[in-house]
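Remarks on the structure that follows.
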Amino acid sequence: MRNILLVLLSAGLAAAEDGLSGWLRYAPLSCGRSSHLSLPQTIVALNTTISSPVYTAGQELQKGLQGIFAKQVKISDQTTKSSSVVVGSLAQYIKATGNSDVPSLEEDGYWLSVKGDSVQIVGQNERGALYGAFEYLSMLAQGNFADVAKVSNPSAPIRWTNEWDNMDGSIERGFAGPSIFFANGVVVDDLTRVAEYARLLASIGINGIIINNVNANATTLSTQNIRGLGRVADAMRPYGVQIGISLNFASPQSFGGLSTFDPLDASVIKFWTDITNQIYQQVPDFAGYLVKANSEGQPGPITYNRTLADGANLFAKAIKPHGGIVMFRAFVYDQLNESDWHADRADAAVNYFKPLDGEFDDNVVVQIKYGPIDFQVREPASPLFANIPKTNTAIELQVTQEYLGQQCHLVYLPPLWKTVLDFDLKVDGQPSLVRDIVSGERFKRPLGGYAGVVNVGTNSTWLGSHLAMSNLYAYGRLAWDPTSDAQAILQDWIRLTFGLNRIVVDTITKMSMDSWPAYENYSGNLGIQTLTDILYTHFGPNPASQDDNGWGQWTRADHNGLGMDRTVSNGTGFAGQYPAEVAAVYESLEITPDNLLLWFHHVPYTYTLHEGKTVIQHFYDAHYSGAETAQTFPTLWEGLKGKIDDQRYEEVLFRLKYQAGHSIVWRDAISEFYFNKSSIPDQANRVGNHPWRVEAESMQLSGYKVTAVNPFETASNFKAVVTSSNTTAGTATAKLNFPSGTYDLAINYYDIIGGRARYEVYLNDKLVGKWTGDNEDKLGHTPSTFLDGHSATRITFGGVKVETGDTLKIVGTPDGTELAPLDYVAVLPSGVID
Ligand code: GCV
């Protein structure tokens with residue numbers, strides 16, 4: 001942590017917290033010596049207009065000093081000689097103080113000078129002043145009372161979020177309830193949450209937001225909704241967050257009633273010019289448009305044999321007179337057929353965009369997902385960053401954990417993002433870090449930056465999970481300064497969110513830093529991608545879903561081996577899209593790093609990695625190791641009881657226990673799947689060997705029947721049981737033949753959407769525990785209506801005394817279509833994971 005001058009403790013335990021304030025809690029610090037701290041006596045905010053970020057900064061400073069120190073400080077617009085914090089833009093500061101001795105600043109940057117109780121916060125613009133105020137408050141809230149004199153400038157001008165909110169209020173890949181922006185086709189009346197979101201975003205340096213889904217609905221352009229955009233902009237403007245919208249390319253036809261949406265047609269050009277003018281009447285500081293064209297069924301210019309540049313420039317020309325920009329997504333690809341596996345989806349972006357380099361207007365930015373496919377657990381950097389030096393670019397990161405556990409698994413993402421941001425593409429043999437390309441620095445581009453898909457919802461935690469908010473916080477911090485250390489950012493977030501207790505900080509640091517490696521271990525190794533169900537929920541395991549369909553996320557797994565050969569010499573040629581030095585590494589089986597081996601090469605399961613194991617044994621070991629790490633999370637968290645408020649403690653614990661159970665579902669499914677494919681046994685004899693399990697299908701069943709599960713590998717022993725009717729309870733009974741002792745009873749069952757079945761578990765007719773299959777009300781991940789890897793889940797009852805020969809009985813009462821499904825019971829001695 002940055003220079004902590006005083007040792008502070010969080011003051012007692014806060015009342016229950018619901019997460020709404022995120023990291024901006026301004027929780028009280030208790031400090032024996034705080035009375036000796038010299039804090040400013042006055043806040044001088046150099047703009048009194050309520051919608052101005054400098055006015056907001058004054059309010060925020062007042063709120064922060066009140067919350068952290070219980071100190072009431074008045075706000076003035078007049079400078080004073082006595083102790084004060086002065087906040088304003090450079091122009092306002094010079095006018096008010098006559099002092100022009102401020103270091104030079106870039107757009108949105110700030111200068112923060114703290115000398116005891118004399119504090120100056122000067123922004124290059126008003127937004128920068130607000131950022132400086134948040135930085136000062138972040139220091140205070142973390143107990144950092146050092147004198148500083150520092151200049152901070154953002155790495156790039158574009159630091160936006162994208163929200164995939166639909167006009168009906170649903171959110172594509174959102175896991176935290178409905179939209180804060182829209183309901184029933186229109187902008188909501190109450191924009192309180194929108195303003196609160198803008199506050200969070202401003203505090204991490206985010207300056208723009210696209211508020212509707214890239215799969216855009218043309219009705220966003222109705223007169224009523226354009227007025228609504230005006231209201232949203234008004235709510236966010238005091239925080240310096242400018243709004244923009246996603247466009248549907250076919251709107252001139254589907255919404256405007258024209259016969260065409262050809263980007264070169266005069267009537268289409270007029271349509272977009274008129275719409276743009278209407279928007280700017282309502283939102284004079286409108287940031288710009290985001291366009292997904294000719295991708296996943298969306299219309300685009302190619303429909304009319306026009307180029308993607310023609311499509312982008314259509315909007316660029318309409319918006320240029322107003323100073324807006326167009327973010328044009330590079331996520332353009334076609335449906336393919338695996339019988340011709342050389343036609344590689346990964347090739348698409350470079351194939352489409354490279355020939356157009358230099359043809360995009362200067363207010364167009366091509367927005368590129370970090371990897372060539374789609375937010376997988378590990379991907380190489382998209383080669384497109386290296387291939388369009390005459391075009392502005394931005395990197396698209398995903399805060400919402402679409403493929404990475406949907407906020408039900410803790411996965412701290414910055415270490416993953418950094419594998420791409422810090423990657424050197426060596427364009428023309430020169431250092432070419434992705435972060436320097438998107439900042440505009442490497443190719444001397446005027447525009448560039450960051451787009452983070454966030455998808456907050458109305459849930460008070462914003463993302464559905466308290467711990468997932470570290471990803472949003474870190475996204476903003478990295479967009480501001482991508483050279484920052486992922487762990488240092490995390491620890492700032494922990495102190496701001498949960499307090500300064502050393503054990504709290506160390507525990508959440510450990511869990512978070514272990515989380516992405518663990519998730520990669522149990523969900524997809526060696527660059528094979530996340531082995532989730534890409535045809536359904538994108539949540540639980542289903543490795544077979546990657547192949548034999550048109551989506552091009554192929555693994556080419558068969559009995560002998562797996563992986564996509566993307567070499568030039570023998571494969572799809574994708575490796576050749578990288579600059580020569582990088583291409584040479586990926587082309588070579590010998591020197592491709594293990595963690596991307598299967599991205600670039602097709603190898604037998606028996607191929608030996610640099611680490612010395614075979615591919616198949618690595619798969620087995622990694623899955624067991626990843627799930628083992630996930631088991632440590634609830635235990636680590638339990639060490640925080642009493643050190644944080646009960647509400648967040650319990651809510652997080654629930655999710656971590658869920659993750660621990662679901663990681664075992666992942667582990668077993670992937671291991672069984674590849675064992676089945678390869679027939680190569682696990683050297684450690686774990687796969688398919690579960691000595692502590694009692695399979696539901698081998699219990700004595702009454703009112704229950706055995707059923708198959710699809711995919712097969714998502715049931716232990718490939719079978720489960722469901723009640724025979726949807727009205728009558730069933731029982732599953734078994735004699736336990738384990739040595740007498742104390743065990744954890746872990747019960748694996750399926751929690752589908754469609755009902756809330758009830759369960760009771762007995763030992764010798766004595767109730768051990770009961771539960772309801774209501775995860776759909778609690779977790780927020782995309783639900784499943786089937787018995788599969790998404791619905792498979794576990795509940796554990798700890799410390800149960802079992803005598804050899806005891807009778808275990810589970811009574812399942814169905815509800816709706818949820819037929820109280822059961823997979824198995826694991827009777828686990830202390831320390832055994834199974
Ligand atoms: C908004 C993936 C996601 C889609 C998303 C798309 C995109 O395919 O699964 O939900 O659509 O990416 O980024 O456009």
Side-chain angles (χ1 to χ4, degrees), residues 160-176 179 181-182 209-218 220 244-250 289-300 302 308 311-312 327-336 345-346 348-349 352-353 365-377 379 382 384 394-407 413 420 450-457 475 523-524 529-540 542 545-546 549-554 780-784 790:
W160 290 13
T161 71
N162 292 178
E163 313 291 331
W164 289 352
D165 294 38
N166 298 312
M167 300 305 296
D168 65 3
S170 62
I171 304 176
E172 184 159 348
R173 314 301 176 190
F175 311 110
S179 173
F181 296 100
F182 308 110
I209 178 172
I210 299 289
I211 65 171
N212 64 320
N213 192 355
V214 284
N215 293 327
N217 189 324
T220 318
I245 57 169
S246 298
L247 296 179
N248 183 303
F249 205 90
Y289 294 133
L290 173 62
V291 183
K292 172 177 178 179
N294 291 114
S295 165
E296 301 188 330
Q298 292 298 319
I302 296 172
L308 294 168
M327 305 290 285
F328 197 83
R329 290 177 96 221
F331 187 65
V332 180
Y333 67 98
D334 302 311
Q335 286 280 310
L336 300 161
R345 170 170 161 187
Y352 274 113
F353 284 84
V365 180
V366 172
Q367 180 170 314
I368 307 169
K369 290 190 182 186
Y370 60 79
I373 296 284
D374 196 9
F375 302 134
Q376 301 299 289
V377 71
E379 296 191 49
S382 169
L384 188 58
I395 187 168
E396 186 173 315
L397 303 171
Q398 202 182 34
V399 172
T400 191
Q401 296 169 229
E402 174 185 353
Y403 292 94
L404 304 179
Q406 304 190 350
Q407 279 96 287
L413 295 166
V420 174
Y450 292 76
V453 180
V454 182
N455 299 354
V456 294
Y475 166 67
S523 74
Q529 303 175 89
T530 319
L531 294 169
T532 186
D533 190 333
I534 65 158
L535 302 177
Y536 189 30
T537 68
H538 296 193
F539 180 62
N542 187 356
S545 72
Q546 318 284 128
N549 59 60
W551 292 100
Q553 291 190 223
W554 305 321
H781 69 73
T782 312
S784 170
H790 323 301

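All values below come from the heavy atoms of this structure, side chains included, with hydrogens, waters and symmetry mates left out. Each ligand, and each atom within it, is numbered from 1 in the order the structure gives.
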**Message:** Taking side chain to side chain donor-acceptor pair (under 3.5 Å) as the definition, give me every residue that meets it alongside Glu402, ordered by chain and number, with sequence neighbours left out.
**Reply:**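 Result, side chain to side chain donor-acceptor pair (under 3.5 Å) vs Glu402: Arg173, Gln398, His538.
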**Request:** Quick one, list the residues around ligand 1 where some non-hydrogen atom comes in under 4.0 Å, by chain and residue number.
**Result:**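 Heavy-atom contacts below 4.0 Å: Trp164, Glu172, Arg173, Asn213, Val214, Asn215, Lys292, Glu296, Arg329, Phe331, Lys369, Asp374, Glu402, Tyr403, His538.
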**Message:** So, using ring pair (Phe, Tyr, Trp, His ring centres under 6.0 Å) as the criterion, who are the partners of Tyr370 when residues are at least two apart?
**Reply:**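 For Tyr370, the residues satisfying ring pair (Phe, Tyr, Trp, His ring centres under 6.0 Å) (neighbours in sequence not counted) are Phe375.
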**Message:** Going by ring pair (Phe, Tyr, Trp, His ring centres under 6.0 Å), name the residues that satisfy it together with Phe249, two or more places apart in sequence or in a different chain.
**Reply:**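 Phe249 satisfies ring pair (Phe, Tyr, Trp, His ring centres under 6.0 Å) with Phe315 only.
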Straight-line distance of [X] [atom1] to [Y] [atom2], nearest 0.5 Å:
X      : Y      : atom1 : atom2 : result
Ile373 : Thr530 : CD1   : OG1   : 11.0 Å
Phe182 : Asp168 : CZ    : CG    : 10.5 Å
Asn162 : Leu290 : CG    : CG    : 5.0 Å

